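Report on the structure given below.
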Amino acid sequence: MGVTILAIESSCDDTSAAVVKDGYILSNLIAGQDIHMSYGGVVPELASRAHQANIVPVADQALKKAGVRIDDIDAVAFTRGPGLLGSLLVGTSFAKGFALARNIPLIEVNHLHAHILAHFILERDRENRLPAFPFLCLLVSGGHTRIILLRSHFEMEILGNTIDDAAGEAFDKCGKLMDFPYPAGPIIDKLASEGNNKAFIFSKPSVKGLDFSFSGLKTSFLYFLRDRLKEDPDFIIKNKTDLCASLQETIISILMTKLIKASQLTGIKEIGIAGGVSANSGLRNYLSREGEKRGWNLFIPPLKYTTDNAAMIGITGYYKYLRGEFSNQDIVPQARF
Ligand code: KG4
Ligand code: ZN
């Protein structure tokens, strides 16, 4: 008969629902929230209100697109955290209500675990290459920057972590300084492809071991812009593409230096990237070049599984279902872990 799971993701500003059958994605719908663009970041209260408006239609569409009926669903998986509490509450309440009404198991999923297990998503119409263990994954999102060693789907060790801002925050905050709307990451990525990545040099942090730091880059970018704007008020407009290319190059180089070091220290060549920033084309190209040079077996997720999506919650929920890891109705969302 197989196992069919309805998965819900609502940790930040995307409302997503997916249907996963035996590890295969049958549907994965995402409703984004443009409302935050002009605020330079996600406004938590507006995000939870939009989730409330979107969650039922998105889940309904996910079921229809998958061609399954409500009583075909064997379990509901949902993001418990980390994320914005108000946003998580909407997805959690929906999942609990659905599970209670149908009398089926409820499965809590850690959002970060899900970003990584997105590498294990199966699709019907493509060749499914899955990582072998041990597997090194660089998780780069709006809230996290980590190098994680996976010994199995559930045994994970954090080898490196950011000591301040996340890589996605570096993109978004520096983009805000250039007056870009939120999220600035994809805009910088696009403009960078037309610029010279050696036009400007920004300082890189010296952090011990495999940890990262991005707050210094943001400050040096701020002072750099402030000084140049004094000389020429149109500096940003005139140098937009070169600024983006040089900034992106600096972020990628900080990330890649530590990933290469992690591979050398562990001897692991089974390597992947995950999270919103792993959509960055500069990072993907750099990684491919390095991977080829170093004989890495590389896993670069399809773009749709890099930023927040419920398919990754569904695949994680599927593996938890197989282990019988279910939650009770008294479960509550958790903003931080
Ligand atoms: O994983 P995600 O969707 O949400 C979190 O869990 O945080 O990641 C969102 C982050 C944002 O900071 C966004 O600017 C960044 O991913 N991002 C990118 C790109 N697409 C999304 N950063 C650089 N280049 C991109 N193409
Ligand atoms: Zn995420």
Side-chain angles (χ1 to χ4, degrees), residues 7-16 18 28 30-34 36-37 39-42 44 47 51 78-84 87-88 91 109-119 137-146 148 162 165-178 180-193 195 197 212 214 217-218 244-245 247-256 272-287 300-313 315-316 335-337:
I8 304 292
E9 153 64 32
S10 73
S11 66
C12 190
D13 60 339
D14 292 306
T15 319
S16 182
N28 178 40
I30 303 169
Q33 303 180 359
D34 289 344
H36 309 289
M37 280 178 85
Y39 293 95
V42 177
H51 282 305
F78 69 99
T79 306
R80 184 183 179 199
L84 300 171
S87 293
L88 291 165
V109 170
N110 177 303
H111 183 83
L112 303 179
H113 190 196
H115 267 303
I116 299 168
L117 291 197
H119 284 289
C137 188
L138 172 68
L139 171 64
V140 269
S141 71
H144 298 86
T145 305
R146 288 182 180 171
I148 296 172
T162 182
D165 288 353
E169 267 178 294
F171 274 104
D172 296 335
K173 290 181 175 175
C174 292
K176 194 174 175 186
L177 295 174
M178 293 187 283
F180 295 166
Y182 175 87
I187 302 167
I188 293 174
D189 187 355
K190 196 151 174 273
L191 290 168
S193 63
N197 63 14
F212 302 91
F214 287 99
L217 172 61
K218 181 192 65 194
C244 289
L247 176 69
Q248 179 171 295
E249 174 69 19
T250 311
I251 297 173
I252 293 172
S253 151
I254 294 170
L255 294 171
M256 287 302 301
I273 48 173
V277 179
S278 72
N280 185 267
S281 53
L283 177 61
R284 293 162 89 91
N285 292 337
Y286 199 133
L287 187 69
I300 301 180
L303 283 177
K304 61 184 169 190
Y305 300 138
T306 57
T307 45
D308 291 346
N309 65 86
M312 68 185 194
I313 306 301
I315 190 73
T316 310
R336 289 173 189 277
F337 281 76

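Values in this document were obtained by computation on a predicted structure and should not be read as measured data. For the single chain, residues carry numbers from 1 onward in sequence order. As the structure lists them, so they are numbered: ligands from 1, and atoms in each ligand from 1.
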Is there a side-chain contact between Ser10 and Thr79, using heavy atoms and a 4.5 Å cut-off? no
Determine yes or no for a side-chain-to-main-chain donor-acceptor pair under 3.5 angstrom, with His51 supplying the side chain and Cys12 the backbone. yes
A student comparing Leu303, Val42, Asp189 should find that the heavy atom closest to atom 26 (N) of ligand 1 comes from Asp189
Taking non-hydrogen atoms only, is Asp172 closer than 4.0 angstrom to ligand 1 via side chain, backbone, both or neither? side chain
For atom 9 (C) of ligand 1, what's the nearest protein heavy-atom neighbour? Residue, atom name and distance, please. Gly142 N, 3.7 Å
Mark up the atoms of ligand 1 that fall under 4.0 Å of a heavy atom belonging to Thr307, in ascending order. 3 (O), 21 (C)
Which of the atoms in ligand 1, numbered in the order shown and given with their element, are less than 4.0 Å from a heavy-atom of Pro183? 13 (C), 14 (O)
Would you mind listing which atoms of ligand 1 come within a distance below 4.0 Å of any non-hydrogen atom of Gly185? 14 (O), 18 (C), 19 (C), 22 (N), 23 (C), 24 (N), 25 (C)
Show the nearest heavy-atom pair for residues Val109 and Ala114, with the distance to one decimal. CG1-CB, 3.8 Å
Tell me which part of His111 gets within contact of ligand 1: side chain, backbone, both or neither, using heavy atoms under 4.0 Å. side chain
Looking only at protein heavy atoms, what sits closest to atom 23 (C) of ligand 1 is Asn280 ND2, 3.5 Å
Go through Ser16 and Asn309 one step at a time and tell me if the side-chain hydrogen bond (donor to acceptor under 3.5 Å, both in side chains) criterion holds. CA-CA 6 Å; Ser16 182; Asn309 65 86; 5.9 Å; no
Among Gly276, Cys12, Ser11, Ala184, the residue with a heavy atom nearest to atom 18 (C) of ligand 1 is Gly276
Would you mind listing which atoms of ligand 1 come within a distance below 4.0 Å of any non-hydrogen atom of His115? 1 (O), 6 (O)
Check Asp308 and report its N/O/S atom nearest to the Zn ion (ligand 2), by atom name. OD1
How close do Ala166 and Ser141 get, heavy atom to heavy atom, and via which atoms? CB-O, 3.7 Å
Shortest non-hydrogen contact from Ala167 to Ile251? CB-CG2, 4.4 Å
Within 4.0 Å of some non-hydrogen atom of Gly168, the atoms of ligand 1 are 12 (O)
Correct closest heavy-atom pair for Pro82 and Arg336 would be CB-CA, 4.3 Å
What is the nearest protein non-hydrogen atom to atom 3 (O) of ligand 1, stated with its residue, atom name and distance? Asp308 N, 3.1 Å
Examine His144 and say whether one of its N/O/S atoms is closer to the Zn ion (ligand 2) than 2.8 Å. no
Of all heavy-atom pairs between Ala279 and Thr306, which one has the smallest distance, and what is that distance? CB-OG1, 3.5 Å
Quick one: which ligand 1 atoms are inside 4.0 Å of a heavy atom on Gly143? 7 (O)
Which pair of heavy atoms, one from Ala274 and one from His119, lies closest together, and at what distance? CB-NE2, 4.2 Å
Is the ring pair Phe214/Phe212 parallel, tilted or perpendicular, if the boundaries are 30 and 60 degrees? parallel
May I ask you to check whether Cys12 brings an N, O or S atom to under 2.8 Å from the Zn ion (ligand 2)? no
